[in-house]
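Have a look at the structure below before the remarks.
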Amino acid sequence: MPDLAFDVAHLLAGSLVLVSLMLLYQDRLPALINVFALHAILLAASVAWQALVQDAPVLFVTAAIALGFKGIIIPGALRRIIVRLGIHREIEPVVGIGPTMLAGMALVALSMVVMLRATPAASPFAREDLAFALSVLLLGLLMMVSRRNAVGQVIGFMSLENGLILAATGAKGMPLVVEISVAFSILIAFIVIGIFLFRIRERFDTVDLQALDRARGDQR
Amino acid sequence: MTAQILLILIFAIPAVAAVGLAGIADYRIASRVNMLASLLTLVAGLMMFGVSGYTDDFLLLDELNIVFIVLNSFVGFTASAFSATYIRHEMESGRLTPTHLRFYHAIYQVMMFGMNLALVTNNIGLMWVAIELATLATVMMVGIYRTHEALEAAWKYFILGSVGIGFALFGTILIYMAAQPVTGEGLPGMVWSLLVMRAAEFDPALLNIAFIFLLLGYGTKVGLAPLHAWLPDAHAEGPTPISAVLSGLLLNIALYAVLRFKMLLAANAGALAPGPLMMGLGLLSLIFAAFMLYRRRDIKRMFAYSSIEHMGIIVFAFGIGGPLANFAGLLQMTMHSLAKSAIFFAVGHISQAKGTQRIAEIRGLTVSHPVLGWGLVLGTVAIAGMPPLGVFMSEFLVVTSTFARGPWLSIPLVFGLLVAFGALLLRLNGLAFGEPTGGGSPAKASYIPMFGHLALVLVAGIWLPPALVIWFQHVAEMLG
């Protein structure tokens, strides 16, 4: 089986895109967090597979961070936060689920067209990986703009970042990948803590950003 | 002293200072240490004039980044001097607590560390990390007052900033992918000076896509429309010294990154010309911001839109390219940094003295606070582009070079400049003249940073030192 390495990488990266699409239509926060945990676990598997295939043991560190931090600790913390904040109710996307899904599919198609056209010279391994990574990135972006809820936006950002890690591990021998994933983890930890602290200390009535918009002083 | 030591010092001093400042509880001492560290950084920056270029795998010194380093450390120093007076007032009025200030001073140096590291590094991955670090430090600074408005501004900055983070990193990965077949795996694929030498052999299609991501990603930080939405809020809600640093410095750093990648693209014959993209985004930002200036009711927000306008002009000038337009762009960037931070120094003291940032509640400043009022008048007149100040000369050069390269492009350019000019003078009239309103306390201000900047802008408008002209001409040729 000469192409097992490629097939498994393809399967894992493709599943990541699928889970990204699943994230788009979760309309309850606990379910959203669970799906994100799945997203992070798939990323960890994908990175670990790349580490094995590329014979780059340092990537196992990135995989371990993805699994432990983003797959277990962050979802756990978010679950506790939404219970404490009492917002494990429905979340309302800005546009309906139908249009969001259609937009998501269009973005996946766009990234396939763009990346596969642009990289005829690169190895098929890297090409597919990049195309999937761009899809995950754009889907994360779509999620960030279609959600008004701060927790939803953070999950969107984290899935976007998973796409970046996928791209970085797909680029063979790229330096600084581990450092970048550590830096991102610290950033995310800060943000999650920030959401929690500001809600408690500053007595926000809600982390719904529409409520924050009302507080704007300009041009009212 | 060798170039390498200077290059390390320029980011090591802020790093050490940040650690030290986190441990100093007395804000008076902390603000002096902050000034001292910024002064030392400036000295290290100025000493770089004495050494020739330097290149290794991590550090880079050439004529282009010296411009940015000197400007960055100079405004960093004057802003720290302004910050010392500003902070004392915030303490007395109880808007900030000693704990906040400890955090504030440490983060100020973290910001300088990030910006200086981004300027001296030769590794595009490290440059990305450094710019992100500087951005995140400013996000925290913007939210420091912890009001609803400040937190909203910080959140918006974070959300849009992270989109920029994502795009810029993806672009960086694509550059590595394009380089990897030529330079081999590992570190060489991310060293800028090696990349630019061998860029001609890279795959053009991949380079094109990479540049679009990089332009959008770093363009978010430059504040280009339509990705500018974070900028006015971040300027309006954060402490004013940070607004000055944001406008005067951080936008330039992101621009520097865009310019480096533009040079990479220029070295590849098959890649698309980055010029038209940059010209388009630049003009869009200029005209959009010029119209938005009319509707502002918050004084800091208004000058934030003026920053978007000027970054638009600068990106447009670099987009045209060629020695003259690049020269104009560099000069415009320098003048804008100096004039805009001077304005923010004035605005900071004015809003403290008046107790408000609303334009409608500030009138007759030249009567109630003559020195600050005339400082603001001079700064606004300078930024609007009136002769004989420096901004007039650089804008004149931009328009002239546009005429030379594409006459029809100068129509929207001049239109945008005039619209912005009108808006600024209209608002200035209300702010500075007429009957003073509201009580307002006498200002305890530090005038030296503000008038120091304005004097430089005035001198540059009348007489540019020949050494500076020759140096800028070299850089302009380098930029191609």
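Lettering of chains follows the sequences in order, A, B, ..., and the numbering in each one begins at 1. For clarity, every value in this text was computed on a predicted model and none was experimentally measured.
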Could you give the distance from CD1 (B:Ile165) to CZ (A:Phe157), rounded to the nearest 0.5 Å?
5.0 Å
Working to the nearest 0.5 angstrom, can you tell me the gap between B:Leu169 CG and A:Ile165 CD1?
7.5 Å
Go through the steps for A:Leu137 and B:Phe167 under the test side-chain contact (heavy atoms from CB on, under 4.5 Å), then give the verdict.
CA-CA 9 Å; A:Leu137 180 88; B:Phe167 278 4; 4.0 Å; yes
So for B:Phe170, is it side chain, backbone, both, or neither that comes closer than 4.5 Å to the heavy atoms of chain A?
both
Bottom line for A:Met144: the part with an atom under 4.5 Å from chain B's heavy atoms is side chain
Side chain, backbone, both or neither: which part of A:Leu130 has a heavy atom under 4.5 Å from chain B?
both
Need one label for B:Asn208: side chain, backbone, both or neither, based on atoms under 4.5 Å from any heavy atom in chain A.
neither
Find the one option among A:Pro175, A:Ala168, A:Gly156 whose heavy-atom pairs under 4.5 Å with chain B are most numerous.
A:Pro175
What part of A:Leu164 is in contact with chain B, defined as an atom under 4.5 angstrom from a non-hydrogen atom: side chain, backbone, both or neither?
both
Test log, rule side-chain contact (heavy atoms from CB on, under 4.5 Å), inputs A:Met174 and B:Met177:
CA-CA 9 Å; A:Met174 181 166 143; B:Met177 292 282 292; over 6 Å; no
A:Lys172 versus B:Tyr176, closest heavy-atom pair with distance:
O-OH, 2.6 Å
Evaluate B:Trp128 against A:Ile180 for side-chain contact (heavy atoms from CB on, under 4.5 Å), listing each step before the verdict.
CA-CA 10 Å; B:Trp128 178 84; A:Ile180 286 171; 4.1 Å; yes
Please determine, among A:Leu134, A:Leu141, A:Val154, the option with the most heavy-atom pairs under 4.5 Å with chain B.
A:Leu134
Heavy-atom proximity to chain B below 4.5 Å, by part of A:Val114:
both
I need the minimum non-hydrogen distance between B:Leu126 and A:Leu176, along with the two atoms involved.
N-CD1, 3.8 Å
Apply side-chain contact (heavy atoms from CB on, under 4.5 Å) to A:Glu179 and B:Val129, showing your working.
CA-CA 9 Å; A:Glu179 288 82 348; B:Val129 172; over 6 Å; no
What residue, out of B:Ser162, B:Gly125, B:Ala178, B:Ala236, has the most heavy-atom pairs lying under 4.5 Å from chain A?
B:Ser162
Less than 4.5 Å to any heavy atom of chain A: does that hold for the side chain of B:Leu187, its backbone, both, or neither?
both
In terms of heavy-atom proximity below 4.5 Å to chain A, should B:Leu174 be classed as side chain, backbone, both, or neither?
side chain
